[in-house]
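In this chain, numbering begins with 1 at the start of the sequence shown. Given the structure is predicted, the values throughout are model-derived calculations rather than measurements.
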Amino acid sequence: MFGIADLTLYEILDDRFRTGRCANGDARLDRLYDDCRWAEGPLYLPAWRQLVWSDIPNDRMLRWDEATGAVSVFRSPAGHPNGNTLDREGRLITCEQGNRRVTRTEPDGTLTVIADRFDGKRLNSPNDAVVHSDGSVWFSDPDFGITSDYEGLRAPSEIGACNLYRADPATGAVRMVADGFLGPNGLAFSPDESELYAADTRAGHIRAFKVTDDGSLTGDRVFTDCPSVDNIRFDDQGRLWAAAMASGVHCYAQDGTLTGRVRVPEPVSNIAFGGPKNNRLFITATTSLYSLVMSVTGLPRVR
């Protein structure tokens, strides 16, 4: 691990970034690892004090140990994995671009397929997933993993569109919940789960939907523009943090205003809060895994 000091690490664009103490954490980024091809999908595992993340072109998942700083291979081959999350029972949920499916890792290490088809057709290449408090798994399905052999396996889209889906916790049925995306990517529920936010990388904006009691989405709106947006996360004050590949990590107020940025020396792909206090921001960026201990705290891990 080594630090990257930068007096302009934080860029303040709105006074709410300052008054919210968003720039009061570390004055440097710590680079924890730097031997990936395209790092993605960081996920902190509090029970183990470890972080797992994906290295998509190298078809592997890596594991960083917080106590020792050691990095090891968690799984390889891994289906060209992308986004990772935990379900309500603490099991790992992974979007496998190459295998065109969403899987769950069981306590004994075996894999259970949560979703690989919609309406009888193979999914494109699941990208990111979030789990609702009712146990349903929501995921984005762009075509990033089938357009070439770099991050998956080149193939035609059987569905012919890039959509959002919901896998029912009781029946396993996969239902399309939103369409009209150019390149759906990162997902995040609002702190009270009343809304689902979805990044559209190719469109360059973040959309927001109302979540109904029956698991449908209504009220589609553009929350904010964010060129090259990838992944998104909420903190416990309702601010939305976004990995914007070309310009670092963005912070948005609840009204969609960009209030500040964290500058990163490589194009950013994904972010996740973790650490014992859930105030350590882990950042995957091209070849590297970075971290930044902040005065900002992520959403509670179990809601």
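- Closest heavy-atom contact between D134 and P169: O-CG, 3.4 Å.
- Checked options T85, L123, D128; the residue passing with F139 is L123 (criterion: side-chain contact (heavy atoms from CB on, under 4.5 Å)).
- Proximity of a side-chain donor or acceptor of S228 to a complementary backbone N or O of A244 within less than 3.5 Å is not detected.
- At least one donor-acceptor pair closer than 3.5 Å links the side chain of T19 to the backbone N or O of D15.
- One finds the SG atom of C22 at 7.0 Å from the CG atom of D235 (value rounded to the nearest 0.5 Å).
- Hydrophobic clustering keeps V102 apart from V113 (ILVMFWY residues linked when any side-chain heavy atoms are closer than 4.5 Å, directly or through intermediates).
- Counting Ile, Leu, Val, Met, Phe, Trp and Tyr side chains that sit under 4.5 Å apart, directly or through other members, W38 shares a hydrophobic cluster with I56, M245.
- Under the rule for a ring pair (Phe, Tyr, Trp, His ring centres under 6.0 Å), the partners of F223 that lie at least two apart in sequence or sit in another chain are Y197.
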Steps toward side chain to side chain donor-acceptor pair (under 3.5 Å) verdict (T297, N279): CA-CA 4 Å; T297 303; N279 68 334; 5.4 Å; no

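- Between the side chain of D236 and the backbone N or O of P300, no donor-acceptor pair lies under 3.5 Å.
- In this structure a side-chain-to-backbone donor-acceptor pair under 3.5 Å is missing from N231 to A243.
- Its side chain within the 4.5 Å cluster rule, M61 clusters with L43, L45, W48, V52, F74, L86, L92 among the Ile, Leu, Val, Met, Phe, Trp and Tyr residues.
- The two residues S125 and P142 make their nearest non-hydrogen contact at OG-O, 2.9 Å.
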Salt bridge (Lys or Arg N to Asp or Glu O under 4.0 Å) between E158 and K121, intermediate numbers included: CA-CA 6 Å; E158 296 183 15; K121 300 175 182 179; over 6 Å; no

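- For residues 88-133, the ring pair (Phe, Tyr, Trp, His ring centres under 6.0 Å) pairs, not counting sequence neighbours, are F118-Y165, H132-F189.
- The shortest non-hydrogen separation linking P156 to R100 is O-NH2, 3.6 Å.
- The shortest side-chain heavy-atom distance between N127 and C95 does not fall under the 4.5 Å cut-off.
- For the side chain to side chain contact (heavy atoms under 4.5 Å, CB included) test, residues two or more places apart in sequence or in another chain that qualify with R91 are D87, E89, R104, E106, P107.
- Checked by atom type and distance alone, the side chain of R75 never pairs as donor or acceptor with a backbone atom of A78 at under 3.5 Å.
- In the model, S54 has a side-chain atom that pairs as donor or acceptor with a side-chain atom of N84 under 3.5 Å.
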Could you give the side-chain donor-acceptor pairs of residues 281-288 under 3.5 Å, partners two or more places apart or in another chain?
residue	atom	partner	partner atom	Å
T284	OG1	S269	OG	2.8
T284	OG1	N270	N	3.3
T284	OG1	N270	O	3.3
T286	OG1	P267	O	3.0
T287	OG1	E266	OE1	2.7
S288	OG	R31	NE	3.3
S288	OG	E266	OE2	2.6

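- When the salt bridge (Lys or Arg N to Asp or Glu O under 4.0 Å) test is applied to D220, the partners found at least two apart in sequence or on another chain are R207.
- Ion pair R49/E66 flagged as a salt bridge, since at least one NZ, NE, NH1 or NH2 atom sits closer than 4.0 Å to an Asp/Glu carboxylate oxygen.
- Taken together through direct or relayed side-chain contacts under 4.5 Å among Ile, Leu, Val, Met, Phe, Trp and Tyr, L29 and F273 form part of one hydrophobic cluster.
- S291 and R280 form a side-chain donor-acceptor contact under 3.5 Å, judged by distance and modelled atom types alone.
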Apply salt bridge (Lys or Arg N to Asp or Glu O under 4.0 Å) to the pair R37 and E151, showing each step before the final yes or no. CA-CA 10 Å; R37 275 199 164 89; E151 292 190 1; over 6 Å; no

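- The pair D168-R166 counts as a salt bridge, with a side-chain nitrogen and a carboxylate oxygen less than 4.0 angstrom apart.
- E11 contributes no side-chain N or O that, together with a main-chain N or O of V262, makes up a donor-acceptor pair within less than 3.5 Å.
- The CD1 atom of I159 sits 11.0 Å away from the CG atom of D143 when rounded to the nearest 0.5 Å.
- Not one N or O on the side chain of N185 forms a donor-acceptor pair closer than 3.5 Å with the backbone of T201.
- In the hydrophobic cluster analysis, where Ile, Leu, Val, Met, Phe, Trp and Tyr join through side-chain heavy atoms closer than 4.5 angstrom, I232 is grouped together with L13.
- Using a 4.0 Å cut-off between charged side-chain N and carboxylate O, D141 and R101 make no salt bridge.
- Salt bridge annotation for D65-R63: absent, with no cationic side-chain nitrogen under 4.0 angstrom from a carboxylate oxygen.
- To the nearest 0.5 Å, atoms CG (L217) and CG (L164) are separated by 7.0 Å.
- In terms of heavy-atom proximity, G215 sits nearest to V177 at O-CG1, 3.8 Å.
- Both W241 and V264 belong to a common hydrophobic cluster when Ile, Leu, Val, Met, Phe, Trp and Tyr are linked at side-chain heavy-atom distances under 4.5 angstrom.
- Aromatic ring pairs are classed by plane angle as parallel below 30°, tilted from 30° to 60° and perpendicular above 60°; the pair F17 and Y10 is tilted.
- With hydrogens and angles ignored, the 3.5 Å screen pairs a side-chain donor or acceptor of R263 with a backbone N or O of T8.
- Every residue meeting the side chain to side chain contact (heavy atoms under 4.5 Å, CB included) condition with D255, not counting sequence neighbours, appears here in chain and number order: R16, A253, T257.
- Side-chain atoms of D34 and Y290, non-hydrogen and from C-beta on, never get closer than 4.5 Å to each other.
- Scored by the ring pair (Phe, Tyr, Trp, His ring centres under 6.0 Å) test, F181 finds no partners at all (sequence neighbours excluded).
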Run the salt bridge (Lys or Arg N to Asp or Glu O under 4.0 Å) test on D214 and R175 for me, step by step, so that the C-alpha distance in whole Å, both residues' side-chain angles and the decisive distance to 0.1 Å come before the verdict. CA-CA 12 Å; D214 67 355; R175 172 160 52 109; 5.2 Å; no

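- The shortest distance between side-chain heavy atoms of L62 and S72 does not fall below 4.5 Å.
- Annotation: side chain of V174 is not in contact with side chain of D119 (no heavy-atom distance under 4.5 Å).
- What you find for L187 and W138 is that their closest heavy atoms are CD1-O, 3.7 Å.
- D213 pairs by the salt bridge (Lys or Arg N to Asp or Glu O under 4.0 Å) definition with nothing, not counting sequence neighbours.
- In terms of heavy atoms, F234 sits closest to S190 at CE1-CA, 3.8 Å.
- Note: the hydrophobic cluster containing L153 does not contain I146 (ILVMFWY, side chain heavy atoms under 4.5 Å, direct or indirect links).
- Taking CZ of R233 as the start and SG of C251 as the end, the distance is 15.0 Å to the nearest 0.5 Å.
- The salt bridge (Lys or Arg N to Asp or Glu O under 4.0 Å) search around D116 returns none, not counting sequence neighbours.
- Partners of Y252 under the ring pair (Phe, Tyr, Trp, His ring centres under 6.0 Å) rule, at least two apart in sequence or in another chain, are H250.
- Within the 4.5 Å cutoff, side-chain heavy atoms of I114 are placed close to those of I93.
- Y33 OH to L289 CG: the interatomic distance, rounded to the nearest 0.5 Å, is 10.0 Å.
- Side chain of N82 to main chain of Q97: no donor-acceptor pair is present (N/O by atom type, distance under 3.5 Å, no hydrogens or angles).
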